[in-house]
Amino acid sequence: MTGSRTAGYRELSDEEVVLPHGQIQITNADSDSLTYTYAYGPKGLAGLAHNRYVVLCAVFASIGGLSFGYDQGVIANVLVMKDFNARWPLTPFEEGLMTAVLELGGLIGALCAGMFAENVSRQSSILISCLIFTLGSLLQSLAQSLAHVFLGRAIGGIGVGALSTLSPLYISEISPAEVRGSLMALEQLAIVFGVVVGFWVGYFTREIPGSASWRIPLGVQLIPGIILIVGCIFLPASPRLLMLQGKPNEALTTLARLRFPDLPEAEAREDGLVQVEFVEMRVEATMILSSGTKHEWQTWKTLLRKPYRSRTVIGVLIAFFQQWSGINALLYYGPILIQTLQLPGDLSLLVSGGIGIVQFIAVLPVIAYIDQWGRRPLLRSGSIFMSFSHLTVALLINVFASDWRAHPIATWTSVGFIYIFTAAYGMSFGPLTWVLPSEVFPLSIRSKGVALSTASVWVNNFLVGLVTPVALDFSPAGTFTLFATASFLAYLWVTYTVPETANVSLEDVDRRFAEFERSASGSGSGEIGRRERLLKAQIEEELGLKALIDKLVNGTINSQ
């Protein structure tokens, strides 16, 4: 489509038009199926600077991930502290139960969050979850009996499980498409930062006399909880949920504030791209209300029906492959794994602590470039590097495990490939397990879909924690081979079943699925189905989406 050369516009090509506050590209405006993309600004670091208000909101929301990661990182050191063991000596079963109660609580919290996020609000649910987590942390740090520790971890698990669902869900719904991946990757950055801080706080307090050695690291996790509680007071509501709740005026005001916080409210509300995104939200909300999927049980059942079954499989399986890649086996049992390499002194513990640092560094370039590189290339390349690294370590263990000390090159090569695996994970399945589930589900079932996907994280986290000690005892080389196999299967799964969702609005993900399924099968109409597409086209026509874009491209909106 050719845009008019009116004031305030600069025509780049027959399909792309730059607007005063962004750009829009039309690829199929003359057919019944309107195809277009738009962006409010650049991608990557420049895009994050351009959307600094949304970034600030996302940073606060991602503190929930920091709490999740800190708890993972701190407990391994607490369990081996002298005062803790002298006060409450744990059997192997009780040590396993200490981990299991957190994961059980996380599973419950993740599933419950899917209901509360829909019926209350995203930010209020985050606030409630954070209060629950803070209560659990307080019980742990002030524990007077082992029962207090177990109860505190169970309650804290409910909080972190809910936050692991709510934070990426909220971030996805407030983010513009061009930096959505970068902002959602902040969740993984916060988790890994929490792991690193938790590990090293415990490492440096382990020699403090008395109960302070473990009360201090358990108490430190109250700090991010309190910060998030305060931050929730200022977080804006999700404009998409406001629309679904029948509050279009509030939804438009919130959306305008998120996109243009520095503009006067009236001007921001009238911006052309804000109007396009607002009408897209109205289209999706109208489809939800007309289909009757707004009721609680109906939305859960919808996850297993066409056309959304393939989305549910993606959400559940990406969590499965994330956990069975072996990352949490390294986090939970890193010292045991590294000790098999027979490193001297505290070097095993230090090398294990480096796993979290490597992962933290690896996430940084993803935040900058995920929306330019795309989801599929990161997942596919990450799978290959993870599989190759695991397989190499398995071979080295098989050849040199009888006497590592006589083969220092092989020893440090194994450490190097463990770090390569960690870096590959940090650039692929680490952040993208939080990104994809929040993108692939439509608004009507997004909270339930993200909740189910996050529940899969907790279930598989528990299974990996259960299986790893037994597998290591039976065969360390076999354990790494198992993780190598899972990583390679992840490559095949991504290649043949996962579409690219980068740089499209949440409301336009349906079209991406339909296009991917048609290209994969060579025929057919895609999972979205003909009736759903026709209904969407009819609603778009009634709400004036195509007419709005025609006016926008031809310069009759914001042309002064």
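Since the model is a prediction, treat every value here as computed from it, not as a measurement. In this chain, residues are counted from 1 in sequence order.
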Report task. For Ala424 and Phe385, work out which heavy atoms get closest and say how close. Result -> CB-CB, 3.6 Å
Query raised in the report: Given the rule in the side chain to side chain contact (heavy atoms under 4.5 Å, CB included) test, do Leu391 and Phe480 qualify, once you have shown the distances and angles that lead to the verdict?
Result: CA-CA 7 Å; Leu391 190 59; Phe480 279 96; over 6 Å; no
Report task. Taking the side chain as every heavy atom from C-beta outward, state whether Ile418 and Ser389 have any atom pair closer than 4.5 Å. Result -> no
Query - Other residues, nucleotides, ligands: >12 heavy atoms within 6.0 Å of Phe150 CZ - result: yes
Query - Spacing of Arg122 atom CZ and Leu166 atom CG [to the nearest 0.5 Å] - result: 8.5 Å
Query raised in the report: Under 3.5 Å, side chain of Ser167 to main-chain N/O of Ala61, donor-acceptor pair present?
Result: yes
Query - Exercise: do Ser67 and Asp71 side chains pair donor with acceptor under 3.5 Å - result: no
Query raised in the report: Do Thr392 and Leu395 come close enough that some side-chain heavy atom pair is under 4.5 Å?
Result: no
Report task. State whether the side chain of Thr479 and the backbone N or O of Ser475 hold a donor-acceptor pair below 3.5 Å, judged by distance alone. Result -> yes
Query - Side-chain heavy atoms of Trp434 within contact of Met184, under 4.5 Å - result: no
Query raised in the report: Does a side-chain heavy-atom distance below 4.5 Å link Leu169 with Ser447?
Result: yes
Query raised in the report: Side chains of Ser182 and Asp371: is there a donor and an acceptor less than 3.5 Å apart?
Result: yes
**Report entry** Phe321 and Trp324 aromatic centres sub-6.0 Å
**Finding:** no
Query raised in the report: So Trp373 and Tyr369, would you call those rings parallel, tilted or perpendicular, with 30° and 60° as cut-offs?
Result: parallel
Query raised in the report: Parallel under 30°, tilted from 30 to 60°, perpendicular over 60°: which one fits the rings of Phe417 and Phe388?
Result: perpendicular
Report task. Count the heavy atoms of every other residue, nucleotide or ligand shown that sit under 6.0 Å from CD1 of Ile409, and state whether that count exceeds 12. Result -> no
Query raised in the report: Run the side chain to side chain contact (heavy atoms under 4.5 Å, CB included) check on Lys43 and Asn503 step by step: do they pass?
Result: CA-CA 9 Å; Lys43 305 173 188 176; Asn503 303 308; 3.3 Å; yes
Report task. Mind listing the closest non-hydrogen atom pair of Pro476 and Ile397 along with its distance? Result -> CB-CG2, 4.2 Å
**Report entry** Donor-acceptor contact below 3.5 Å, side chain Arg215 vs main chain Gln140
**Finding:** no
**Report entry** Verdict with supporting geometry, Thr495 and Arg380, side-chain hydrogen bond (donor to acceptor under 3.5 Å, both in side chains)
**Finding:** CA-CA 7 Å; Thr495 300; Arg380 295 178 71 198; 3.0 Å; yes
Requested in this report: State whether the side chain of Glu178 and the backbone N or O of Gly41 hold a donor-acceptor pair below 3.5 Å, judged by distance alone.
Outcome: yes
Query raised in the report: Do the side-chain N and O atoms of Thr501 and Glu439 include a donor-acceptor pair separated by under 3.5 angstrom?
Result: yes
Query raised in the report: Taking His148 for the side chain and Gln144 for the main chain, is one N or O donor matched with an acceptor at less than 3.5 Å?
Result: yes
Query - Atom of Arg376, atom of Val494 and distance for their closest heavy-atom approach - result: NH1-O, 2.9 Å
Query - Least distance between heavy atoms, Ala362 atom then Ala423 atom - result: CB-O, 3.4 Å
Query - N/O donor-acceptor pair under 3.5 Å between Arg311 side chain and Pro437 backbone - result: no
Query - Shortest non-hydrogen contact between Gly159 and Ile132, atoms and distance - result: N-CG2, 3.9 Å
Query raised in the report: Is any side-chain heavy atom of Tyr70 closer than 4.5 Å to a side-chain heavy atom of Ile191?
Result: no
Query raised in the report: Quick one: does Ser456's side chain have a donor or acceptor within less than 3.5 Å of a partner on Ala319's backbone?
Result: no
Query raised in the report: Between the side chains of Ser438 and Arg446, is a donor N or O closer than 3.5 angstrom to an acceptor N or O?
Result: no
Query raised in the report: Under 3.5 Å, is there a donor-acceptor pair between the side chain of Gln359 and the main chain of Tyr425?
Result: no
Query - Ser213 vs Arg206, side chain to side chain contact (heavy atoms under 4.5 Å, CB included): CA-CA, chis, key distance, verdict - result: CA-CA 5 Å; Ser213 60; Arg206 74 192 192 284; 5.8 Å; no
Requested in this report: With rounding to the nearest 0.5 Å, note down the distance linking CD in Gln322 to CG in Asn461.
Outcome: 8.5 Å
Query raised in the report: Does the side chain to side chain contact (heavy atoms under 4.5 Å, CB included) test come out yes or no for Ile227 and Phe60, once each step is laid out?
Result: CA-CA 8 Å; Ile227 292 173; Phe60 268 106; 4.0 Å; yes
Report task. Using modelled atom types only, decide if a donor and an acceptor are shared between the side chain of Asn398 and the backbone of Ala394 within a distance under 3.5 Å. Result -> no
Query raised in the report: Quick one: are Ser137 and Leu218 in side-chain contact, heavy atoms under 4.5 Å?
Result: no
Query raised in the report: Are any of the side-chain heavy atoms of Leu258 and Tyr53 separated by less than 4.5 Å?
Result: yes
Report summary line: So OG of Ser487 and CG of Leu492: to nearest 0.5 Å the spacing works out to 11.5 Å
Query raised in the report: Between the main-chain N or O of Val101 and the side-chain N or O of Arg153, is there a donor-acceptor pair closer than 3.5 Å?
Result: no
Query raised in the report: What distance do Ile63 atom CD1 and Ile229 atom CD1 have between them, rounded to the nearest 0.5 Å?
Result: 11.0 Å
Query - Separation between CZ of Phe320 and CG of Leu489, rounded to the nearest 0.5 Å - result: 8.0 Å
Report task. Please examine the side chains of Val457 and Gln323, heavy atoms only from C-beta on, and report whether any two atoms are closer than 4.5 Å. Result -> yes
Report task. State the CG-CG distance between Leu228 and Leu163, to the nearest 0.5 angstrom. Result -> 6.5 Å
Query raised in the report: Do you know the tightest heavy-atom contact between Ser383 and Phe429?
Result: OG-CE1, 3.1 Å
**Report entry** Candidate list Val358, Ile361, Ile357, test side-chain contact (heavy atoms from CB on, under 4.5 Å), partner Thr422, passing option
**Finding:** Val358
Query raised in the report: Parallel under 30°, tilted from 30 to 60°, perpendicular over 60°: which one fits the rings of Phe84 and Trp214?
Result: perpendicular
Query raised in the report: Do you see a donor-acceptor pair shorter than 3.5 Å between the side chains of Trp458 and Glu103?
Result: no
